[in-house]
Amino acid sequence: MGFGRGRLDGGRRVAALVAVGGLVTVGAVVVAGEAIAALPGEAPAATAARAQPLVAGTPCSISAKACVDLDSQRAWLLKDGKIMRGPVKIASGGNGEETPVGHSLRVYRKEKDHLSKESRLANGQPAPMPWSVFFEDGGIAFHSGSPNRSSAGCIHLEPADAEAWFNYLQIDDQVQVVKAAEELAARKQSAAAAPTDPPKAAPTTTTAPPPPPADDDED
């Protein structure tokens, strides 16, 4: 799947057009022989994600390396379209500092022993954020923290899970943060709104190679 630059999704720049199987469309895309309509006002990254199959057992598409479901407060690590680790319990942002939804977020920084510039301990020292993997503008990261306490926008993971996330995820890996109920409803809605006869890619023609040049030598 290819894409061009365009509007923002979750604070980062994402695709403006979606190409599936060599076919580029604006109002709909075609995946596995079925049309998927772009919903009104939807970010192109969301359309691009829904133009791919879901990883079984998750609400994220096969292009993601990490998946977060804000509805169930669970997360997964994904590899080659399959679950590699998870689901694990997480805590996302709350109290007006919710974790943003995004379909094409990217890992842009990793810091094993990160110290927060915003959160402070009782003694005034910066709060530790071990195993930080930053994937969204504003310092949003996966890191070790209590999965029983909401964050200021980050994703809290148990220490062992945070270490696994840190070791597996690499710079530029895709992260998807979604609300499963909304994601599945959007997939159904876009499939129902798609044209019954989606556009087809132009057939490929094969041209025979030219015959070899005639031999001008005489016997």
When every non-hydrogen atom of Trp165 is compared with those of Ala75, the smallest separation belongs to CZ2-CB, 3.8 Å
Contacts of Arg187 meeting salt bridge (charged side-chain N to carboxylate O under 4.0 Å, His left out) (sequence neighbours excluded), chain-then-number -> none
Check your understanding: Any chain of hydrophobic side-chain contacts (each under 4.5 Å) joining Ile83 to Leu77?
Key -> no
Check: Is there a donor-acceptor contact under 3.5 Å from the side chain of Gln52 to the main chain of Ser63?
Finding: yes
Residue set satisfying salt bridge (charged side-chain N to carboxylate O under 4.0 Å, His left out) with Glu98, at least two apart, ordered chain then number -> none
In short, Leu78 meets Thr58 closest at the heavy-atom pair CD2-CG2, 4.2 Å
Which donor-acceptor pairs under 3.5 Å do side chains of residues 138-150 form with protein atoms, sequence neighbours excluded?
{"unit_1": "Ser146", "atom_1": "OG", "unit_2": "Asn148", "atom_2": "N", "d": "3.1"}
{"unit_1": "Asn148", "atom_1": "OD1", "unit_2": "Lys89", "atom_2": "NZ", "d": "2.7"}

Quick note, salt bridge (Lys or Arg N to Asp or Glu O under 4.0 Å) partners involving residues 65-86, not counting sequence neighbours, are Lys65-Asp173, Arg85-Asp161
Note to self: Quick check: do Val68 and Ile90 have side-chain heavy atoms less than 4.5 Å from each other?
What the structure shows: yes
* Could you tell me how the ring of Tyr108 sits relative to the ring of Phe134: parallel (under 30°), tilted (30 to 60°) or perpendicular (over 60°)? => tilted
Check: Taking a hydrophobic cluster as the set of Ile, Leu, Val, Met, Phe, Trp and Tyr residues connected by side-chain heavy atoms closer than 4.5 Å, whether directly or through intermediates, do Val133 and Leu70 fall within one such cluster?
Finding: yes
Inset, instruction - Spell out, yes or no, whether Met84 and Val175 are grouped together once hydrophobic residues are joined by side-chain heavy atoms under 4.5 Å, including indirect joins. - result: yes
Residues at least two apart in sequence or cross-chain that pass disulfide (SG to SG under 2.5 Å) with Cys154, listed by chain then number, are none
Item checked: Single-linkage hydrophobic cluster Phe166~Ile171, side-chain heavy atoms < 4.5 angstrom -> yes
Please tell me if the side chains of Val88 and Glu158 come closer than 4.5 Å, counting only heavy atoms from C-beta onward.
-> no
Between the CG atom in Leu54 and the CD1 atom in Ile62, the distance rounded to the nearest 0.5 Å is 9.5 Å
Closest non-hydrogen contact found for Ser92 with Thr99 is CB-OG1, 3.4 Å
Sorted by chain and number, sequence neighbours left out, side chain to side chain contact (heavy atoms under 4.5 Å, CB included) with Ala152 holds for Glu97
Nearest heavy-atom approach of Val101 to Val178 is CG1-CA, 4.3 Å
